[in-house]
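Count residues from 1 along the sequence.
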Amino acid sequence: MKRVIVFVLILTIITSALVGCSQTSEPMISEKTEMVFTPGVYDGEAKGMKSVIKVQVTVDEKKITEVKVIEQAESERLFSYANDSVPAAIVQHQSVSVDTVAGATMSSIGIIQATKDALKKSGVNMDLLNIKPEKPELVEGEDEEYDVVVVGAGAAGLSAAIELGKNDNISILVLEKMPFTGGSLALSGGLFWTGNGSKYVPEESFTPESLLQWFEMRSETKSNEALVKHIANIAGETFDYLIDNGAPWDVESATETYPDSGIYRFETNRGAKLTKFRDDAAGNQAAEFLLNFAKENGAEIRVNSKVTSLIVDDNNIIKGVNVEDREKKYTVNARKVILATGGFGNNRKLLEEFDPDSAGKWPFLAAGSTGDGIEMTRELGVKIVGNGVMSYEALTPNMGYKGEVGSLVWVPELFVNKDGKRFVDETGQSTDIALQIYLQPEDIGYGIDDSKSDRVEDYEKGVEQGLILKGETLEELADLMGVNKENFLVTVKKYNEVVENGTEDEFGSIIEKMKPPTKGPFYAVPTRACIIGTMPGLMVNENCEVLGSNGQPIENLFAAGELVFGNIFNRVYPATGTAIAQAIYTGKIAGEAVNSQLK
């Protein structure tokens, strides 16, 4: 007994000593350390998405009073969201460790880094500005009731909302997880194609049968025949309806999007004036129209509202959705749900699952393209159909194919690979060129041009930025590219002779469009493939009802847009304007089907 008592006493002494040591080793902080600035106005700068962002920061002795962006050349629409949020958050929290704006991440980081650059000049202890503000926990919100919930406010979701709005007796809620609407459409060039009965195209436009044949020819596999023919039947009337209600597509800009297809594409009014640089505001103009038209037709639109899951009863019937916004979690009970969540080009895991060959390509698409629609239907046994990704040529991961320099990837009409050899018809579809570039050694191709080009000024800008290669001679250019010089010189000579002699080109290029490089200096555009969208998606029927493992519609569940592209086309992006067209058409089909079931 004594031994036990002694042991307990010794253990108590040791424990007390350890606790005492622990307490005395901690620093004693009696009060919070205050920030001290040298009052004044300080300038700072940092790299954003596309440009250098310059800010002006005003401070007094104890705090930041203003952060103002004074110069930038970012994407106008996306930058506005970062600029509306980030500077105010820095001032509100007195911290540079604030959240970035989803979809405008690089611009947000640019503003934050430029602010840091400015504040370093104020003499403040920067460690005190790097404390991240605490986020309050989400509270439980009240349940809500709507007739229809549309998940996603891109082209497909907004098109569905517009169609649903023709039914005056239903309530419509559109939920968008991003801080803004428009999805991929807002970032695109805005081209939209139509035919089959539209008053804005020639009479010899596509028919349901010819459209199906075209999709299957481009895909090299079968398409969902019933859905494609449904799309063909409503394409002309849908386009005309939008135009007649003020849609901003230039009806005088019609061009055939693919040779002998009878498919006619249209630029937006803005895009028709800015096609040289593929300005991303061109698609934004169309996105703004669809948003406003959906609101006019009675849809309620909520941003920063992420649908986390579907509500499914024991009979696999969809009953609504669960939602999280910045403040709360809540349930929306709905009679019908339309998924228009886009693709998964920003989800490396899904790329590796459904198209592993594309997992290494640069994603150049809407930030919200993370595969939400696929993930939230996993447990429903929905079959994923389709293969491949939509690709374009790109100069850099951030610049893609846009702007004065980025758009140069579309200028040359001669491409070579690392072996110094041609590999594609350069006068053909840009999407085919992108696909072939990815199959070349080191996943790269070089567009070749010379000083006769009307884009020399832009080439020179690219040279200054270290993005474009310039050689006074073809030999020098070959060395700069690191290609097989002997093969390259033979390739250029043979190419030039085809144009000079008017003989048939081995790759089928249209001679009138070929550009022989003959006058130095010469330019090379290092070009890779970027992902602008994905094709694998949920299997649906001709009315865009999502099909379960038994091949029958899952009750109350519909899907549209990029989430169903695999039903329509595969392997390669068929032609410019296809994505926007299919998003709008399938959105209309889903909305029309819901309306018919809610009568």
Verify the distance criterion only: is there a donor paired with an acceptor across the side chains of Glu267 and Trp249 at less than 3.5 Å?
no
Ignoring hydrogens and angles, state whether a donor on the side chain of Asp425 or Thr427 is under 3.5 Å from an acceptor on the partner side chain.
yes
Donor-acceptor pair between Thr370 and Asp372 side chains, under 3.5 angstrom:
yes
When you look at NZ of Lys306, are more than 12 heavy atoms from neighbouring residues, nucleotides or ligands closer to it than 6.0 Å?
yes
Polar side chain donor-acceptor pair, Gln429 to Tyr573, under 3.5 angstrom:
no
Got a sec: does the NZ of Lys121 have more than 12 other heavy atoms crowding it under 6.0 Å?
yes
Phe239/Trp193 aromatic ring centres below 6.0 Å:
no
Please assess Asp505 against Arg422 for the test salt bridge (Lys or Arg N to Asp or Glu O under 4.0 Å), listing each intermediate value before the final yes or no.
CA-CA 11 Å; Asp505 178 61; Arg422 291 176 66 199; 2.7 Å; yes
Are Glu475 and Lys485 close enough for a salt bridge, meaning some N to O gap below 4.0 Å?
no
Just checking, any donor-acceptor pair under 3.5 angstrom between side chains of Glu176 and Ser305?
no
Step through the shown structure and confirm whether more than 12 heavy atoms of other residues, nucleotides or ligands are within 6.0 Å of NZ on Lys452.
yes
Answer yes or no: does atom NZ of Lys120 have more than 12 heavy-atom neighbours from other residues, nucleotides or ligands under 6.0 Å?
no
Evaluate the side-chain proximity of Leu469 to Tyr523: yes if any heavy-atom separation is below 4.5 Å, no if none is.
no
Side chains of Ser107 and Glu74 only: does a donor on one sit below 3.5 Å from an acceptor on the other?
yes
Decide if the gap between the ring center of Phe488 and the ring center of Tyr446 is smaller than 6.0 angstrom.
no
Do Tyr392 and Thr576 have a side chain donor and acceptor closer than 3.5 Å?
yes
Any donor-acceptor N or O pair under 3.5 Å, side chains Tyr459, Asp449
yes
Tell me yes or no: between the side chains of Thr58 and Tyr42, is some donor less than 3.5 Å from an acceptor?
no
Salt-bridged, Arg265 to Glu256, with N to O below 4.0 Å?
no
Report yes or no: does Ser108 contribute a side-chain atom to a donor-acceptor pair with the main-chain N or O of Val101 at less than 3.5 Å?
yes
With a distance cut-off below 6.0 Å to the six-membered ring centre and an angular limit of 45° from the axis, does Lys361 pair with Tyr438 as a cation-pi contact?
yes
NZ/Lys132: more than 12 non-hydrogen atoms of other groups inside 6.0 Å
yes
State, without any angle test, whether Arg455 and Ser407 hold a side-chain donor-acceptor pair at a distance under 3.5 Å.
yes
